[in-house]
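What follows is a set of notes on a single structure, which appears directly below.
Each chain gets a letter, A, B and so on, in the order its sequence line appears, and its residues count up from 1. Because the structure is predicted, anything quoted here is derived from the model rather than measured.
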Amino acid sequence: MKLPLNQCRWFSSSSSPSTSLPWISPLHYIKPVTPKLNPPPETSTVQRRPKFITHEAALTMIKAERDPQRALQIFNMVSEQRGFNHNHATYSVILHKLAQSKKFKAVDALLRQMMSFETCKFHEGVFLNLMTHFAKSSHHERTLEMFFLIQPIVREKPSLKAVSTCLNLLLESGRLDLARKLLVESKRGFDLKPNSCIFNILVKHHMRNGDVDSAFEVVKEMRKCEGSYPNLITYSTLMGGLCEGGRLKDALQLFEEMVSKDQILPDVLTYNVLINGFCRAGKVDRARRIMDFMRKNGCQPNVFNYSTLMNGFRKEGRLDEAKEIFAEMRNSGLESDVVGYTTFINCLCRTSKVDEAMSVLREMKEKGCRADAVTISVILGALCRENRFEEALEMVDRLPYEGVRLNKACYRIVLNFLCKEEEMKKALYLLGLMLGRGFRPHFATSNQLLISLCNADRVEDAITALNGLIEMGFLPEDQSWLQLVESDKHSIRFIPFCKLYVHKVYFLGPALLAIPIVEACSLLVNISEHNSFHLLHELNQAAGYLHAKESICVTLNTLGDLIC
DNA sequence: TTAGGGTTAG
(Lines give C-alpha, C1' and ligand atoms only; values in the text may rest on other atoms or scores of the structure.)
Protein backbone atom coordinates (compact mmCIF):
# COMPACT_ATOMS: atom_id res chain seq x y z
CA MET A 1 0.00 0.00 0.00
CA LYS A 2 1.22 3.44 -0.86
CA LEU A 3 1.56 5.90 1.98
CA PRO A 4 0.20 9.40 1.52
CA LEU A 5 3.15 11.66 0.84
CA ASN A 6 2.92 13.57 4.08
CA GLN A 7 3.03 10.34 6.05
CA CYS A 8 5.87 8.83 4.15
CA ARG A 9 8.88 8.08 6.29
CA TRP A 10 11.45 9.74 4.12
CA PHE A 11 9.31 12.62 3.06
CA SER A 12 8.51 15.80 4.96
CA SER A 13 6.03 18.15 3.41
CA SER A 14 6.90 21.82 3.59
CA SER A 15 3.26 22.40 4.43
CA SER A 16 3.68 20.42 7.63
CA PRO A 17 1.93 22.16 10.54
CA SER A 18 5.02 21.98 12.79
CA THR A 19 7.36 23.98 10.60
CA SER A 20 9.54 25.05 13.55
CA LEU A 21 10.66 21.50 14.30
CA PRO A 22 12.50 19.28 11.90
CA TRP A 23 10.84 16.04 11.02
CA ILE A 24 12.61 13.23 12.77
CA SER A 25 12.75 9.70 11.55
CA PRO A 26 11.98 7.05 14.17
CA LEU A 27 15.31 5.52 13.26
CA HIS A 28 17.09 8.53 14.71
CA TYR A 29 16.11 7.44 18.18
CA ILE A 30 17.91 4.18 17.65
CA LYS A 31 20.92 5.59 15.88
CA PRO A 32 21.14 9.32 16.64
CA VAL A 33 23.01 11.53 14.27
CA THR A 34 25.52 13.87 15.88
CA PRO A 35 24.30 17.39 15.06
CA LYS A 36 27.86 18.71 14.67
CA LEU A 37 28.70 16.16 12.02
CA ASN A 38 25.48 16.40 10.15
CA PRO A 39 23.75 19.74 10.86
CA PRO A 40 20.24 20.09 9.49
CA PRO A 41 19.92 22.76 6.81
CA GLU A 42 18.81 26.00 8.43
CA THR A 43 16.55 27.04 5.63
CA SER A 44 14.63 23.82 5.40
CA THR A 45 12.70 21.63 7.72
CA VAL A 46 13.68 18.59 5.63
CA GLN A 47 16.28 16.22 6.98
CA ARG A 48 16.98 13.63 4.34
CA ARG A 49 18.65 10.49 5.40
CA PRO A 50 20.88 9.16 2.65
CA LYS A 51 19.54 5.88 1.37
CA PHE A 52 21.80 2.92 1.93
CA ILE A 53 23.05 1.65 -1.40
CA THR A 54 23.06 -2.12 -1.59
CA HIS A 55 25.45 -4.18 -3.74
CA GLU A 56 22.70 -4.77 -6.28
CA ALA A 57 21.94 -1.04 -6.50
CA ALA A 58 25.64 -0.24 -6.78
CA LEU A 59 25.99 -2.75 -9.60
CA THR A 60 23.10 -1.21 -11.48
CA MET A 61 24.48 2.30 -11.01
CA ILE A 62 28.02 1.41 -12.09
CA LYS A 63 26.79 -0.54 -15.10
CA ALA A 64 24.53 2.31 -16.18
CA GLU A 65 27.26 4.96 -15.89
CA ARG A 66 28.92 5.52 -19.22
CA ASP A 67 31.76 7.67 -17.95
CA PRO A 68 34.38 5.38 -16.33
CA GLN A 69 35.61 8.15 -14.04
CA ARG A 70 32.13 8.69 -12.65
CA ALA A 71 31.61 4.93 -12.39
CA LEU A 72 34.71 4.79 -10.21
CA GLN A 73 33.37 7.68 -8.13
CA ILE A 74 30.19 5.69 -7.54
CA PHE A 75 32.27 2.66 -6.59
CA ASN A 76 34.26 4.71 -4.09
CA MET A 77 31.24 6.56 -2.79
CA VAL A 78 29.27 3.43 -1.89
CA SER A 79 32.26 1.94 -0.12
CA GLU A 80 32.22 4.87 2.28
CA GLN A 81 28.90 3.71 3.69
CA ARG A 82 29.17 2.29 7.14
CA GLY A 83 29.02 -1.49 7.04
CA PHE A 84 29.50 -1.75 3.30
CA ASN A 85 32.28 -3.83 1.79
CA HIS A 86 32.71 -4.36 -1.90
CA ASN A 87 32.41 -7.92 -3.12
CA HIS A 88 33.44 -9.91 -6.17
CA ALA A 89 30.48 -8.64 -8.22
CA THR A 90 31.11 -4.94 -7.61
CA TYR A 91 34.85 -5.28 -8.22
CA SER A 92 34.18 -7.28 -11.32
CA VAL A 93 31.85 -4.70 -12.84
CA ILE A 94 34.05 -1.68 -12.09
CA LEU A 95 37.16 -3.44 -13.37
CA HIS A 96 35.35 -4.34 -16.56
CA LYS A 97 34.17 -0.76 -17.02
CA LEU A 98 37.64 0.69 -16.42
CA ALA A 99 39.46 -1.85 -18.59
CA GLN A 100 36.96 -1.36 -21.38
CA SER A 101 37.84 2.34 -21.36
CA LYS A 102 41.54 1.51 -21.13
CA LYS A 103 41.87 3.13 -17.69
CA PHE A 104 44.57 0.68 -16.75
CA LYS A 105 46.13 2.76 -13.98
CA ALA A 106 42.83 2.73 -12.15
CA VAL A 107 42.62 -1.03 -12.79
CA ASP A 108 46.05 -1.44 -11.19
CA ALA A 109 45.02 0.58 -8.15
CA LEU A 110 41.96 -1.61 -7.66
CA LEU A 111 43.99 -4.80 -8.09
CA ARG A 112 46.38 -3.60 -5.38
CA GLN A 113 43.40 -2.88 -3.16
CA MET A 114 41.98 -6.37 -3.80
CA MET A 115 45.31 -7.93 -2.96
CA SER A 116 46.10 -5.91 0.15
CA PHE A 117 42.88 -4.99 1.90
CA GLU A 118 39.93 -7.03 0.80
CA THR A 119 38.90 -10.15 2.60
CA CYS A 120 35.98 -11.22 0.41
CA LYS A 121 36.15 -14.18 -1.95
CA PHE A 122 37.11 -13.34 -5.53
CA HIS A 123 36.69 -15.62 -8.54
CA GLU A 124 39.09 -16.01 -11.41
CA GLY A 125 36.50 -14.86 -13.98
CA VAL A 126 37.47 -11.26 -13.33
CA PHE A 127 41.05 -12.04 -14.36
CA LEU A 128 39.96 -13.79 -17.54
CA ASN A 129 38.05 -10.66 -18.41
CA LEU A 130 41.06 -8.46 -17.71
CA MET A 131 43.27 -10.76 -19.81
CA THR A 132 40.98 -10.14 -22.77
CA HIS A 133 41.03 -6.38 -22.27
CA PHE A 134 44.81 -6.27 -22.01
CA ALA A 135 45.17 -8.46 -25.10
CA LYS A 136 42.84 -6.19 -27.06
CA SER A 137 45.03 -3.23 -26.12
CA SER A 138 48.18 -5.16 -27.10
CA HIS A 139 49.44 -5.20 -23.52
CA HIS A 140 50.37 -8.86 -23.80
CA GLU A 141 52.74 -8.97 -20.84
CA ARG A 142 49.87 -7.76 -18.74
CA THR A 143 47.62 -10.51 -20.12
CA LEU A 144 50.07 -13.02 -18.68
CA GLU A 145 50.39 -10.97 -15.51
CA MET A 146 46.64 -11.37 -14.93
CA PHE A 147 47.12 -15.14 -15.02
CA PHE A 148 49.75 -14.91 -12.29
CA LEU A 149 47.51 -12.67 -10.16
CA ILE A 150 44.85 -15.37 -9.87
CA GLN A 151 46.70 -17.32 -7.19
CA PRO A 152 47.48 -14.39 -4.83
CA ILE A 153 44.06 -12.74 -5.11
CA VAL A 154 41.65 -15.65 -5.60
CA ARG A 155 43.77 -17.75 -3.25
CA GLU A 156 43.29 -20.77 -5.49
CA LYS A 157 45.46 -22.08 -8.27
CA PRO A 158 44.35 -21.06 -11.77
CA SER A 159 42.02 -23.42 -13.59
CA LEU A 160 42.70 -25.04 -16.95
CA LYS A 161 40.16 -22.61 -18.35
CA ALA A 162 42.42 -19.76 -17.23
CA VAL A 163 45.39 -21.41 -18.95
CA SER A 164 43.38 -21.92 -22.14
CA THR A 165 42.07 -18.36 -22.23
CA CYS A 166 45.48 -16.88 -21.63
CA LEU A 167 47.24 -19.23 -24.06
CA ASN A 168 44.74 -18.53 -26.79
CA LEU A 169 45.06 -14.76 -26.36
CA LEU A 170 48.87 -14.89 -26.35
CA LEU A 171 49.12 -17.12 -29.40
CA GLU A 172 46.54 -15.08 -31.33
CA SER A 173 48.74 -12.06 -30.68
CA GLY A 174 51.82 -13.92 -31.86
CA ARG A 175 53.50 -13.84 -28.45
CA LEU A 176 55.06 -17.29 -28.47
CA ASP A 177 57.59 -16.24 -25.84
CA LEU A 178 54.86 -15.43 -23.34
CA ALA A 179 52.82 -18.49 -24.32
CA ARG A 180 55.82 -20.70 -23.58
CA LYS A 181 56.32 -19.02 -20.23
CA LEU A 182 52.67 -19.62 -19.41
CA LEU A 183 52.86 -23.32 -20.23
CA VAL A 184 56.11 -23.83 -18.34
CA GLU A 185 54.85 -22.02 -15.25
CA SER A 186 51.46 -23.76 -15.35
CA LYS A 187 53.23 -27.06 -15.08
CA ARG A 188 56.05 -26.09 -12.75
CA GLY A 189 54.23 -23.66 -10.48
CA PHE A 190 50.72 -25.08 -10.41
CA ASP A 191 51.16 -28.69 -11.52
CA LEU A 192 48.55 -28.21 -14.25
CA LYS A 193 48.42 -30.89 -16.93
CA PRO A 194 47.23 -29.73 -20.35
CA ASN A 195 43.81 -30.94 -21.44
CA SER A 196 42.40 -31.41 -24.94
CA CYS A 197 41.43 -27.76 -25.17
CA ILE A 198 44.99 -26.57 -24.52
CA PHE A 199 46.38 -29.03 -27.07
CA ASN A 200 43.77 -27.91 -29.58
CA ILE A 201 44.85 -24.30 -29.17
CA LEU A 202 48.39 -25.41 -30.01
CA VAL A 203 47.17 -27.41 -33.00
CA LYS A 204 45.31 -24.34 -34.26
CA HIS A 205 48.41 -22.18 -33.78
CA HIS A 206 50.59 -24.48 -35.90
CA MET A 207 47.95 -24.90 -38.58
CA ARG A 208 47.56 -21.11 -38.86
CA ASN A 209 51.28 -20.87 -39.43
CA GLY A 210 50.99 -23.51 -42.13
CA ASP A 211 53.14 -25.85 -40.05
CA VAL A 212 51.17 -29.05 -40.56
CA ASP A 213 53.95 -31.32 -39.24
CA SER A 214 54.13 -29.51 -35.90
CA ALA A 215 50.35 -29.65 -35.61
CA PHE A 216 50.44 -33.44 -36.01
CA GLU A 217 53.31 -33.64 -33.52
CA VAL A 218 51.06 -31.91 -30.98
CA VAL A 219 48.37 -34.52 -31.64
CA LYS A 220 50.92 -37.28 -30.99
CA GLU A 221 51.82 -35.62 -27.68
CA MET A 222 48.16 -35.31 -26.90
CA ARG A 223 47.62 -39.05 -27.22
CA LYS A 224 50.51 -39.70 -24.84
CA CYS A 225 49.28 -37.26 -22.23
CA GLU A 226 46.94 -38.65 -19.61
CA GLY A 227 43.51 -37.05 -19.62
CA SER A 228 43.75 -35.58 -23.08
CA TYR A 229 42.77 -37.11 -26.39
CA PRO A 230 42.02 -35.85 -29.90
CA ASN A 231 38.37 -34.91 -30.24
CA LEU A 232 36.09 -33.53 -32.95
CA ILE A 233 37.58 -30.07 -32.55
CA THR A 234 41.11 -31.44 -32.99
CA TYR A 235 40.12 -33.20 -36.20
CA SER A 236 38.16 -30.20 -37.54
CA THR A 237 41.13 -27.94 -36.89
CA LEU A 238 43.49 -30.35 -38.62
CA MET A 239 41.17 -30.75 -41.58
CA GLY A 240 40.76 -27.00 -41.86
CA GLY A 241 44.52 -26.53 -41.95
CA LEU A 242 44.96 -29.26 -44.55
CA CYS A 243 42.24 -27.74 -46.74
CA GLU A 244 43.83 -24.31 -46.45
CA GLY A 245 47.08 -25.79 -47.72
CA GLY A 246 45.21 -27.34 -50.65
CA ARG A 247 45.62 -30.87 -49.25
CA LEU A 248 42.00 -31.88 -49.81
CA LYS A 249 42.76 -35.56 -50.24
CA ASP A 250 44.59 -35.66 -46.91
CA ALA A 251 41.69 -33.84 -45.28
CA LEU A 252 39.25 -36.48 -46.52
CA GLN A 253 41.55 -39.26 -45.39
CA LEU A 254 41.71 -37.73 -41.95
CA PHE A 255 37.93 -37.49 -41.94
CA GLU A 256 37.70 -41.24 -42.54
CA GLU A 257 40.34 -41.90 -39.92
CA MET A 258 38.39 -39.86 -37.40
CA VAL A 259 35.23 -41.89 -37.97
CA SER A 260 36.84 -45.35 -38.23
CA LYS A 261 39.82 -45.11 -35.88
CA ASP A 262 38.60 -42.79 -33.16
CA GLN A 263 34.89 -43.37 -33.76
CA ILE A 264 34.10 -39.70 -33.66
CA LEU A 265 31.04 -38.57 -35.58
CA PRO A 266 31.31 -35.37 -37.63
CA ASP A 267 28.96 -32.45 -37.00
CA VAL A 268 27.85 -29.48 -39.13
CA LEU A 269 31.07 -27.61 -38.34
CA THR A 270 33.30 -30.45 -39.45
CA TYR A 271 31.36 -30.77 -42.70
CA ASN A 272 31.58 -27.05 -43.25
CA VAL A 273 35.36 -27.16 -43.04
CA LEU A 274 35.32 -29.66 -45.90
CA ILE A 275 32.64 -27.86 -47.93
CA ASN A 276 34.58 -24.62 -47.62
CA GLY A 277 37.86 -26.33 -48.44
CA PHE A 278 36.49 -27.76 -51.67
CA CYS A 279 34.76 -24.47 -52.57
CA ARG A 280 37.97 -22.52 -52.07
CA ALA A 281 39.80 -24.97 -54.31
CA GLY A 282 37.20 -24.36 -57.02
CA LYS A 283 35.73 -27.85 -56.61
CA VAL A 284 32.24 -26.71 -55.88
CA ASP A 285 30.56 -29.82 -57.34
CA ARG A 286 32.44 -31.98 -54.87
CA ALA A 287 31.46 -29.55 -52.12
CA ARG A 288 27.86 -30.07 -53.11
CA ARG A 289 28.33 -33.83 -52.93
CA ILE A 290 29.70 -33.45 -49.39
CA MET A 291 26.51 -31.68 -48.47
CA ASP A 292 24.46 -34.53 -49.95
CA PHE A 293 26.61 -36.98 -48.01
CA MET A 294 26.01 -35.22 -44.74
CA ARG A 295 22.27 -35.24 -45.31
CA LYS A 296 22.32 -38.97 -46.04
CA ASN A 297 24.27 -39.51 -42.83
CA GLY A 298 21.69 -37.81 -40.71
CA CYS A 299 23.34 -34.41 -40.39
CA GLN A 300 21.04 -31.68 -41.66
CA PRO A 301 22.91 -28.74 -43.25
CA ASN A 302 22.56 -25.42 -41.48
CA VAL A 303 22.74 -21.79 -42.67
CA PHE A 304 26.54 -21.85 -42.50
CA ASN A 305 26.73 -24.85 -44.84
CA TYR A 306 24.32 -23.32 -47.34
CA SER A 307 26.08 -19.94 -47.27
CA THR A 308 29.46 -21.58 -47.83
CA LEU A 309 28.20 -23.56 -50.78
CA MET A 310 26.29 -20.62 -52.23
CA ASN A 311 29.43 -18.52 -52.08
CA GLY A 312 31.35 -21.34 -53.73
CA PHE A 313 29.03 -21.22 -56.72
CA ARG A 314 29.19 -17.42 -56.70
CA LYS A 315 32.96 -17.45 -56.93
CA GLU A 316 32.79 -19.82 -59.87
CA GLY A 317 30.40 -17.44 -61.60
CA ARG A 318 27.64 -20.11 -61.44
CA LEU A 319 25.07 -17.68 -60.15
CA ASP A 320 21.94 -19.59 -61.08
CA GLU A 321 23.17 -22.50 -59.01
CA ALA A 322 24.00 -20.13 -56.18
CA LYS A 323 20.42 -18.90 -56.27
CA GLU A 324 19.22 -22.51 -56.28
CA ILE A 325 21.15 -23.15 -53.08
CA PHE A 326 19.51 -20.15 -51.43
CA ALA A 327 16.09 -21.49 -52.49
CA GLU A 328 17.05 -24.97 -51.27
CA MET A 329 17.93 -23.53 -47.89
CA ARG A 330 14.53 -21.90 -47.60
CA ASN A 331 12.73 -25.01 -48.78
CA SER A 332 14.45 -26.96 -46.05
CA GLY A 333 12.69 -24.71 -43.57
CA LEU A 334 15.73 -22.69 -42.55
CA GLU A 335 15.52 -18.94 -42.04
CA SER A 336 18.53 -17.18 -43.44
CA ASP A 337 20.68 -15.06 -41.20
CA VAL A 338 22.50 -11.86 -42.11
CA VAL A 339 25.51 -13.67 -43.61
CA GLY A 340 23.30 -15.93 -45.71
CA TYR A 341 21.37 -12.94 -47.00
CA THR A 342 24.58 -11.00 -47.65
CA THR A 343 26.03 -13.91 -49.61
CA PHE A 344 22.86 -14.08 -51.67
CA ILE A 345 22.78 -10.31 -52.18
CA ASN A 346 26.39 -10.50 -53.32
CA CYS A 347 25.40 -13.12 -55.89
CA LEU A 348 22.78 -10.75 -57.27
CA CYS A 349 25.10 -7.75 -57.20
CA ARG A 350 27.78 -9.63 -59.10
CA THR A 351 25.30 -10.22 -61.93
CA SER A 352 24.25 -6.57 -62.11
CA LYS A 353 20.92 -7.35 -60.48
CA VAL A 354 21.17 -4.51 -57.99
CA ASP A 355 17.44 -3.85 -57.95
CA GLU A 356 16.76 -7.45 -57.07
CA ALA A 357 19.42 -7.16 -54.37
CA MET A 358 17.68 -4.07 -52.99
CA SER A 359 14.41 -5.98 -52.82
CA VAL A 360 16.14 -8.77 -50.87
CA LEU A 361 17.42 -6.06 -48.54
CA ARG A 362 13.84 -4.92 -47.99
CA GLU A 363 12.80 -8.51 -47.35
CA MET A 364 15.51 -8.78 -44.70
CA LYS A 365 14.09 -5.77 -42.94
CA GLU A 366 10.56 -7.16 -43.08
CA LYS A 367 11.76 -10.43 -41.58
CA GLY A 368 13.57 -8.61 -38.80
CA CYS A 369 17.03 -9.58 -40.04
CA ARG A 370 19.11 -6.45 -39.70
CA ALA A 371 21.57 -5.74 -42.50
CA ASP A 372 25.09 -5.06 -41.30
CA ALA A 373 27.99 -3.05 -42.69
CA VAL A 374 29.04 -5.95 -44.93
CA THR A 375 25.58 -6.25 -46.50
CA ILE A 376 25.52 -2.54 -47.16
CA SER A 377 29.10 -2.50 -48.48
CA VAL A 378 28.13 -5.11 -51.06
CA ILE A 379 25.14 -3.09 -52.24
CA LEU A 380 26.99 0.23 -52.20
CA GLY A 381 29.78 -1.25 -54.31
CA ALA A 382 27.25 -2.56 -56.82
CA LEU A 383 25.40 0.77 -57.02
CA CYS A 384 28.67 2.64 -57.54
CA ARG A 385 29.84 0.24 -60.23
CA GLU A 386 26.71 1.27 -62.11
CA ASN A 387 27.36 4.97 -61.37
CA ARG A 388 24.16 5.12 -59.29
CA PHE A 389 25.84 7.52 -56.87
CA GLU A 390 22.75 9.38 -55.74
CA GLU A 391 21.12 6.18 -54.54
CA ALA A 392 24.33 5.16 -52.79
CA LEU A 393 24.55 8.55 -51.04
CA GLU A 394 20.92 8.40 -50.06
CA MET A 395 21.48 5.00 -48.43
CA VAL A 396 24.59 6.14 -46.60
CA ASP A 397 22.71 9.17 -45.36
CA ARG A 398 19.57 7.32 -44.27
CA LEU A 399 20.61 3.91 -42.94
CA PRO A 400 22.22 5.01 -39.63
CA TYR A 401 18.85 6.55 -38.70
CA GLU A 402 17.26 3.15 -39.29
CA GLY A 403 19.60 1.43 -36.89
CA VAL A 404 22.07 0.09 -39.46
CA ARG A 405 25.60 0.61 -38.22
CA LEU A 406 27.80 1.62 -41.11
CA ASN A 407 31.55 1.34 -40.78
CA LYS A 408 34.35 3.24 -42.43
CA ALA A 409 34.41 0.76 -45.33
CA CYS A 410 30.85 1.70 -46.35
CA TYR A 411 31.81 5.35 -46.65
CA ARG A 412 35.17 4.66 -48.23
CA ILE A 413 33.73 2.45 -50.98
CA VAL A 414 31.46 5.27 -52.16
CA LEU A 415 34.05 8.01 -51.70
CA ASN A 416 36.66 6.06 -53.66
CA PHE A 417 34.25 5.68 -56.58
CA LEU A 418 33.25 9.35 -56.45
CA CYS A 419 36.90 10.46 -56.53
CA LYS A 420 37.70 8.02 -59.31
CA GLU A 421 34.82 9.34 -61.38
CA GLU A 422 35.68 12.95 -60.42
CA GLU A 423 32.21 13.54 -58.99
CA MET A 424 33.60 16.28 -56.80
CA LYS A 425 30.38 17.83 -55.58
CA LYS A 426 29.05 14.49 -54.38
CA ALA A 427 32.46 13.58 -52.95
CA LEU A 428 32.45 16.78 -50.89
CA TYR A 429 28.95 16.06 -49.64
CA LEU A 430 29.98 12.56 -48.56
CA LEU A 431 33.18 13.84 -46.98
CA GLY A 432 31.14 16.25 -44.84
CA LEU A 433 28.79 13.45 -43.88
CA MET A 434 31.49 11.01 -42.91
CA LEU A 435 33.66 13.52 -41.06
CA GLY A 436 30.58 14.67 -39.18
CA ARG A 437 29.99 11.05 -38.13
CA GLY A 438 33.59 10.55 -37.08
CA PHE A 439 34.83 8.49 -40.05
CA ARG A 440 38.07 9.40 -41.74
CA PRO A 441 38.59 8.64 -45.44
CA HIS A 442 41.44 6.44 -46.53
CA PHE A 443 44.78 8.31 -46.59
CA ALA A 444 45.26 7.85 -50.34
CA THR A 445 41.67 8.86 -51.05
CA SER A 446 42.05 12.03 -48.95
CA ASN A 447 45.11 13.05 -50.93
CA GLN A 448 43.44 12.24 -54.20
CA LEU A 449 40.34 14.20 -53.23
CA LEU A 450 42.37 17.32 -52.43
CA ILE A 451 44.33 17.12 -55.67
CA SER A 452 41.20 16.51 -57.73
CA LEU A 453 39.58 19.57 -56.16
CA CYS A 454 42.60 21.70 -57.02
CA ASN A 455 42.71 20.34 -60.54
CA ALA A 456 39.07 21.27 -60.90
CA ASP A 457 39.94 24.83 -59.73
CA ARG A 458 37.95 24.34 -56.56
CA VAL A 459 40.61 25.70 -54.24
CA GLU A 460 38.09 26.98 -51.70
CA ASP A 461 36.53 23.51 -51.51
CA ALA A 462 40.00 21.99 -51.17
CA ILE A 463 40.67 24.28 -48.22
CA THR A 464 37.36 23.35 -46.59
CA ALA A 465 38.10 19.66 -47.14
CA LEU A 466 41.65 20.05 -45.83
CA ASN A 467 40.39 21.78 -42.71
CA GLY A 468 37.94 18.97 -42.02
CA LEU A 469 40.51 16.27 -42.69
CA ILE A 470 43.17 17.90 -40.52
CA GLU A 471 40.71 18.04 -37.64
CA MET A 472 40.51 14.26 -37.94
CA GLY A 473 44.28 13.94 -37.70
CA PHE A 474 45.11 13.80 -41.41
CA LEU A 475 48.22 15.39 -42.92
CA PRO A 476 48.56 15.44 -46.69
CA GLU A 477 51.47 13.53 -48.13
CA ASP A 478 54.39 15.70 -49.31
CA GLN A 479 53.51 15.53 -52.97
CA SER A 480 49.90 16.53 -52.36
CA TRP A 481 50.96 19.40 -50.14
CA LEU A 482 53.29 20.73 -52.81
CA GLN A 483 50.54 20.46 -55.37
CA LEU A 484 48.08 22.29 -53.14
CA VAL A 485 50.51 25.15 -52.55
CA GLU A 486 51.46 25.31 -56.21
CA SER A 487 47.82 25.47 -57.26
CA ASP A 488 47.46 28.62 -55.19
CA LYS A 489 50.87 30.20 -55.86
CA HIS A 490 49.77 33.81 -55.98
CA SER A 491 47.46 33.59 -53.06
CA ILE A 492 48.05 32.98 -49.39
CA ARG A 493 45.14 30.68 -48.75
CA PHE A 494 47.22 27.68 -47.77
CA ILE A 495 49.48 29.65 -45.44
CA PRO A 496 47.47 28.86 -42.30
CA PHE A 497 48.37 25.21 -42.86
CA CYS A 498 52.11 25.93 -43.09
CA LYS A 499 52.58 25.54 -39.37
CA LEU A 500 51.81 21.86 -39.79
CA TYR A 501 54.86 21.58 -41.96
CA VAL A 502 57.54 23.33 -39.95
CA HIS A 503 59.31 19.99 -39.59
CA LYS A 504 59.50 19.76 -43.36
CA VAL A 505 61.05 23.04 -44.21
CA TYR A 506 61.40 22.26 -47.90
CA PHE A 507 57.68 22.51 -48.26
CA LEU A 508 57.49 25.96 -46.80
CA GLY A 509 59.53 27.51 -49.57
CA PRO A 510 56.89 28.09 -52.24
CA ALA A 511 54.26 29.10 -49.74
CA LEU A 512 56.52 31.55 -47.92
CA LEU A 513 57.55 33.29 -51.10
CA ALA A 514 53.95 33.96 -51.89
CA ILE A 515 53.14 35.79 -48.68
CA PRO A 516 54.12 39.12 -47.16
CA ILE A 517 57.48 38.85 -45.48
CA VAL A 518 56.15 39.71 -42.04
CA GLU A 519 53.93 36.67 -42.08
CA ALA A 520 56.74 34.56 -43.45
CA CYS A 521 59.02 35.58 -40.60
CA SER A 522 56.42 34.87 -37.99
CA LEU A 523 56.20 31.34 -39.32
CA LEU A 524 59.94 30.98 -39.26
CA VAL A 525 60.04 31.44 -35.51
CA ASN A 526 58.97 27.80 -35.26
CA ILE A 527 61.82 26.51 -37.33
CA SER A 528 64.97 25.10 -35.88
CA GLU A 529 68.35 26.62 -36.70
CA HIS A 530 69.34 23.67 -38.84
CA ASN A 531 66.15 23.81 -40.84
CA SER A 532 66.40 27.58 -41.25
CA PHE A 533 69.54 27.18 -43.33
CA HIS A 534 67.79 24.67 -45.53
CA LEU A 535 64.96 27.09 -45.94
CA LEU A 536 67.32 29.90 -46.85
CA HIS A 537 68.81 27.68 -49.48
CA GLU A 538 65.36 26.91 -50.83
CA LEU A 539 64.44 30.58 -50.85
CA ASN A 540 67.63 31.43 -52.68
CA GLN A 541 66.88 28.78 -55.26
CA ALA A 542 63.41 30.14 -55.76
CA ALA A 543 64.39 33.81 -55.55
CA GLY A 544 65.37 34.30 -59.17
CA TYR A 545 62.13 32.90 -60.32
CA LEU A 546 59.90 34.76 -57.92
CA HIS A 547 61.91 38.01 -57.69
CA ALA A 548 61.86 37.83 -53.95
CA LYS A 549 65.41 38.86 -53.19
CA GLU A 550 64.34 41.68 -50.98
CA SER A 551 62.23 39.34 -48.94
CA ILE A 552 65.15 37.02 -48.52
CA CYS A 553 67.34 39.80 -47.17
CA VAL A 554 64.77 40.59 -44.54
CA THR A 555 64.38 36.88 -43.82
CA LEU A 556 68.11 36.59 -43.43
CA ASN A 557 68.15 39.37 -40.90
CA THR A 558 65.29 37.82 -39.01
CA LEU A 559 66.93 34.44 -39.03
CA GLY A 560 70.17 36.03 -37.91
CA ASP A 561 68.35 37.46 -34.91
CA LEU A 562 66.74 34.13 -34.21
CA ILE A 563 69.98 32.22 -34.43
CA CYS A 564 71.83 34.67 -32.21
C1' DT B 1 34.99 -15.12 -20.58
C1' DT B 2 38.95 -22.32 -22.50
C1' DA B 3 39.57 -25.17 -28.54
C1' DG B 4 36.83 -25.94 -34.82
C1' DG B 5 32.73 -23.22 -39.71
C1' DG B 6 30.03 -19.07 -43.76
C1' DT B 7 29.63 -12.78 -46.19
C1' DT B 8 32.26 -7.16 -48.23
C1' DA B 9 36.19 -3.88 -49.26
C1' DG B 10 41.38 -3.00 -49.48
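Glu221(A) places its CD atom 22 Å from the P atom of dA3(B), with the value rounded to the nearest Å. Rounded to an integer number of Å, the gap from CG of Leu183(A) to C1' of dT2(B) is 13 Å.
Within residues 145-163 of chain A, the residues having any heavy atom closer than 4.0 Å to DNA chain B are, in order of number, Lys161(A). Annotation: proximity of residues 235-248 of chain A to DNA chain B (heavy atom, distance under 4.0 Å) is found for Ser236(A), Thr237(A), numbered in ascending order.
Contact annotation: the side chain of His96(A) never approaches that of Val93(A) to less than 4.5 Å [non-hydrogen atoms, C-beta and beyond].
Ion pairing between Glu328(A) and Arg295(A) holds under the 4.0 Å rule for side-chain N and carboxylate O. For the pair Arg398(A) and Glu394(A), the salt-bridge criterion is met [side-chain N within less than 4.0 Å of a carboxylate O].
Qualifying salt bridge (Lys or Arg N to Asp or Glu O under 4.0 Å) partners for Lys121(A), counting only residues two or more places apart in sequence or in other chains: Glu156(A).
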Per-pair distances, 0.1 Å, donor-acceptor, side chain in residues 342-350 of chain A, under 3.5 Å, sequence neighbours excluded:
from, atom 1, to, atom 2, distance (Å)
Thr342(A), OG1, Val338(A), O, 2.6
Thr342(A), OG1, Thr375(A), OG1, 2.9
Thr343(A), OG1, Val339(A), O, 2.7
Asn346(A), OD1, Arg350(A), NE, 3.4

Side-chain donor-acceptor pairs under 3.5 Å in residues 179-189 of chain A, sequence neighbours left out?
from, atom 1, to, atom 2, distance (Å)
Glu185(A), OE2, Arg188(A), NH2, 2.6
Ser186(A), OG, Leu182(A), O, 2.7

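Residue side chain Asn195(A) does not reach the base of dA3(B) through any donor-acceptor N/O pair under 3.5 Å, judged by distance alone.
No engagement by Ile275(A) is indicated, since no non-hydrogen atom pair under 4.0 Å with the nucleic acid exists. Within the nucleic acid shown, Ile233(A) comes within 4.0 Å of at least one base atom, counting heavy atoms only.
The ring of Phe443(A) has its center closer than 6.0 angstrom to the ring center of Phe474(A).
Here the CG atom belonging to Leu415(A) is positioned 11.0 Å from the CZ atom belonging to Phe389(A), to the nearest 0.5 angstrom.
dG6(B) and dT2(B) are spaced 23 Å apart, taking the C1' atom of each and rounding to whole Å.
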Letter per nucleotide, 5' to 3', of nucleotides 5-10 of chain B [B base touched, S only sugar-phosphate touched, - untouched; heavy atoms, 4.0 Å]: BBBBS-
